[in-house]
Amino acid sequence: MQQVKIFKSVDTETDEMEKRINRFIRKNGIRVLSINGNLSSSPTAGGGPLNTFSGGDVIVFLLYEIEESRS
């Protein structure tokens with residue numbers, strides 16, 4: 001059975017987000033089908049030519065498969 005897990009963080013904390021995702025995969029012994037993500041720039045961040053790394057939200061969608069339990 002296919003399932004979805006959504007992870008949300010900010011771009012300055014991607015290392016911790018990676019750890020959370022990898023921990024979730026290991027802990028649950030899942031089979032990953034797809035991982036997709038998106039970075040959203042903060043509307044208040046200065047987006048001038050010298051600021052190429054403005055703050056923003058990061059969202060990751062993990063599509064995975066688990067075995068269906070049989071009753």
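One-based numbering along the sequence shown.
Residues L33 and L62 are not in side-chain contact: their nearest non-hydrogen atoms beyond the backbone lie 4.5 Å or more apart. Side-chain contact between R31 and Y64 is absent, with no heavy-atom pair separated by less than 4.5 Å. Considering only heavy atoms from C-beta on, S34 comes within 4.5 Å of N36 through its side chain. Side-chain contact between T14 and V58 is present, with at least one heavy-atom pair separated by less than 4.5 Å.
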Q.
Determine whether I30 and E65 satisfy the following criterion, side chain to side chain contact (heavy atoms under 4.5 Å, CB included), listing intermediate values before the conclusion.
A. CA-CA 6 Å; I30 60 172; E65 191 169 70; over 6 Å; no
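Note that CD of E13 and NZ of K19 are 11.5 Å apart. Values are rounded to the nearest 0.5 Å.
In terms of the side-chain hydrogen bond (donor to acceptor under 3.5 Å, both in side chains) criterion, D15 has no residue partners (sequence neighbours excluded).
Placement of M1 and I25 within a single hydrophobic cluster is found when ILVMFWY residues are connected by side-chain heavy-atom separations under 4.5 Å, directly or transitively. By the criterion of side-chain heavy atoms lying less than 4.5 angstrom apart, applied directly or through intervening Ile, Leu, Val, Met, Phe, Trp or Tyr residues, V32 is not grouped with I59; the two fall into different hydrophobic clusters. Transitive grouping of hydrophobic side chains (ILVMFWY, heavy atoms separated by less than 4.5 Å) brings F7 and I35 into a common cluster.
Classification of R23 and E16 as a salt-bridged pair holds, one side-chain N sitting under 4.0 Å from a carboxylate O.
Of the listed residues (M17, E18, K8), just one forms a side chain to side chain contact (heavy atoms under 4.5 Å, CB included) with V60, and that residue is M17.
A cation-pi contact links K5 to F24, judged by a cut-off of 6.0 Å to the six-membered ring centre and 45° from its axis.
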